[in-house]
Amino acid sequence: MKLRIAGVFGAAAVAGMVAVLVPATAGASTGTLVSNGRVLVNPSGCVRILLTDLDTTTVTNSTDQDATFYASIDCSGDPIGTVAAGAAGTPPMAGSFSIN
């Protein structure tokens, strides 16, 4: 019986140490991002941009995270621009953006 209780406490101690060692994952951004008039609340991950003008993407980033823009529609390839948190910008010919 003592061995069984010690095993339970030992397992609980190991689980507690693992929980402390594993870093927390980043959450979604908080705030709104407006892309060509489309309002996105707490956007996260890769977002495809709906183009209203093929030459310009107009962005107001009122989130707490920077938004990185790509020419592709799936956030692949090299970034073409960034709009910082709390800023506005016009990344050229953007097809998608990523934000955490």
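Note: hydrogens, waters and symmetry copies are ignored here, and every other heavy atom, side chains too, is used. All residue numbers refer to positions in the sequence shown, counting from 1.
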## Note on the structure
In short, Asp74 meets Ser96 closest at the heavy-atom pair N-OG, 3.7 Å
### Message
Any non-hydrogen side-chain atom of Val83 less than 4.5 Å from a side-chain atom of Phe69?
### Response
yes
### Message
For the OG atom of Ser72 and the CD1 atom of Ile49, what is their distance to the nearest 0.5 Å?
### Response
10.0 Å
### Query
Does a side-chain heavy-atom distance below 4.5 Å link Val59 with Thr90?
no
### Task
Please round to the nearest 0.5 Å and tell me the distance separating atom CZ of Arg48 and atom CD1 of Ile73.
4.0 Å
### Query
How long is the gap from CG on Asp64 to OG1 on Thr30, to the nearest 0.5 Å?
4.5 Å
### Task
Working to the nearest 0.5 Å, report the span between CZ of Phe97 and OG1 of Thr68.
10.0 Å
### Query
So which of Leu40, Val34, Asn36 actually passes side-chain contact (heavy atoms from CB on, under 4.5 Å) with Arg38?
Leu40
### Separation of Ser29 OG from Asn61 CG (nearest 0.5 Å)
7.5 Å
### Query
Is any side-chain heavy atom of Thr63 less than 4.5 Å from a side-chain heavy atom of Pro43?
yes
### Query
Between atom OG of Ser98 and atom CG of Asp66, what is the distance when rounded to the nearest 0.5 Å?
10.0 Å
